[in-house]
Amino acid sequence: DLTRRKLIPALYNLAKNDLLSREFAVIGIARAPLSTEDFRKKSSDDIQQFATDKVDPDVWEWFVHRMYYLSGDMGDKALYPKLKEMLDQVDKDHSTHVNHMYYLATAAEFFGPTVEQLAGAGLMQEDGQHWRRVVIEKPFGHDLESARLLNKQLLSVASEKQIYRIDHYLG
């Protein structure tokens with residue numbers, strides 16, 4: 001729901017206002033068994049309902065062809081090699097410079113394990129030319145102790161500069 005109501009419209013608005021890089025693509029991951037074409041169709045229907053203004057068909061056409069979908073469970077180790085393969089193909093198709101931002105709009109208990117799986121698949125590794133970031137989208141822990149434990153877990157596989165903590169209810 002967050003994706004269709006907030007994330008896709010926000011990214012579309014960036015594109016519409018020329019604030020989104022032309023070297024951009026997005027891969028959505030969820031358990032629903034959709035194809036990329038199904039995801040694009042669903043998103044095209046949803047943007048009509050949730051856009052903040054009239055949808056520019058040319059901008060949407062450009063944007064929607066940079067959207068991809070991968071069906072899978074974030075707890076399944078087999079998902080991450082598939083994600084790596086798709087990221088490689090998307091980079092070839094859209095010249096994303098092998099830079100990746102992982103936006104985790106998921107249940108809080110999956111934050112740490114997901115970032116560990118990304119790291120285990122080599123998807124958090126940076127070099128001097130390519131960056132990796134992870135956005136934790138929800139409250140960061142349910143109390144001070146759980147926040148410290150999650151932070152420790154994340155920092156075991158990522159650097160501080162790679163981790164962004166946000167709460168969309170506050171922003």
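Residue numbers start at 1 and run along the sequence shown.
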Non-hydrogen side-chain atoms of [X] and [Y] separated by less than 4.5 Å:
X: V134; Y: F111; result: no
X: Q162; Y: W131; result: no
X: F39; Y: L70; result: no
X: I163; Y: V135; result: no
X: D56; Y: W62; result: no
X: I166; Y: I136; result: no
X: S44; Y: W60; result: yes
X: Q89; Y: L87; result: no

| request: Would you please classify the geometry between the F63 ring and the Y12 ring as parallel, tilted or perpendicular, with 30° and 60° separating the classes? | output: perpendicular

Would you give the length of the straight line joining atom [atom1] of [X] to atom [atom2] of [Y], rounded to the nearest 0.5 angstrom?
X: R165; Y: N151; atom1: CZ; atom2: CG; value: 4.5 Å
X: I47; Y: I8; atom1: CD1; atom2: CD1; value: 7.5 Å
X: M67; Y: K42; atom1: CE; atom2: NZ; value: 10.0 Å
X: M86; Y: I29; atom1: CE; atom2: CD1; value: 8.0 Å
X: N13; Y: L19; atom1: CG; atom2: CG; value: 9.5 Å
X: L14; Y: S21; atom1: CG; atom2: OG; value: 11.5 Å

Which atom names give the shortest non-hydrogen contact between [X] and [Y], and what distance separates them?
X: P113; Y: Q153; result: N-NE2, 3.8 Å
X: K84; Y: A121; result: CD-O, 3.9 Å
X: S146; Y: D143; result: N-OD1, 2.7 Å
X: L7; Y: A105; result: CD1-CB, 4.4 Å

Would you say the side-chain atoms of [X] and [Y] include a donor-acceptor pair closer than 3.5 Å?
X: D45; Y: Q49; value: no
X: H97; Y: E23; value: yes
X: R133; Y: N99; value: no

| message | Take a 6.0 Å sphere around CD of E85 and say whether it holds more than 12 heavy atoms from other residues, nucleotides or ligands. | response | no

| request: Given side chain to side chain donor-acceptor pair (under 3.5 Å), test D46 with S43 step by step and report yes or no. | output: CA-CA 5 Å; D46 291 341; S43 296; 5.3 Å; no

| task | Return yes if some donor-acceptor pair links the side-chain N/O of Y102 with the main-chain N/O of T114 below 3.5 Å, else return no. | result | no

| said: Keeping H65 on the side-chain end and E61 on the backbone end, is there a donor-acceptor pair under 3.5 Å? | reply: yes

| message | Check this for me: does any side-chain nitrogen of one of E37 and R40 sit under 4.0 Å from a carboxylate oxygen of the other? | response | yes

| field | hydrophobic_cluster_shared for L11 and Y68, side chain cutoff 4.5 Å | value | no

| message | Is there a path of hydrophobic side-chain contacts, each under 4.5 Å between heavy atoms of I/L/V/M/F/W/Y residues, joining V64 to V90? | response | no

| said: Would R66 and F24 count as a cation-pi pair here, with the cationic atom under 6.0 angstrom from the ring centre and within 45° of the axis? | reply: no

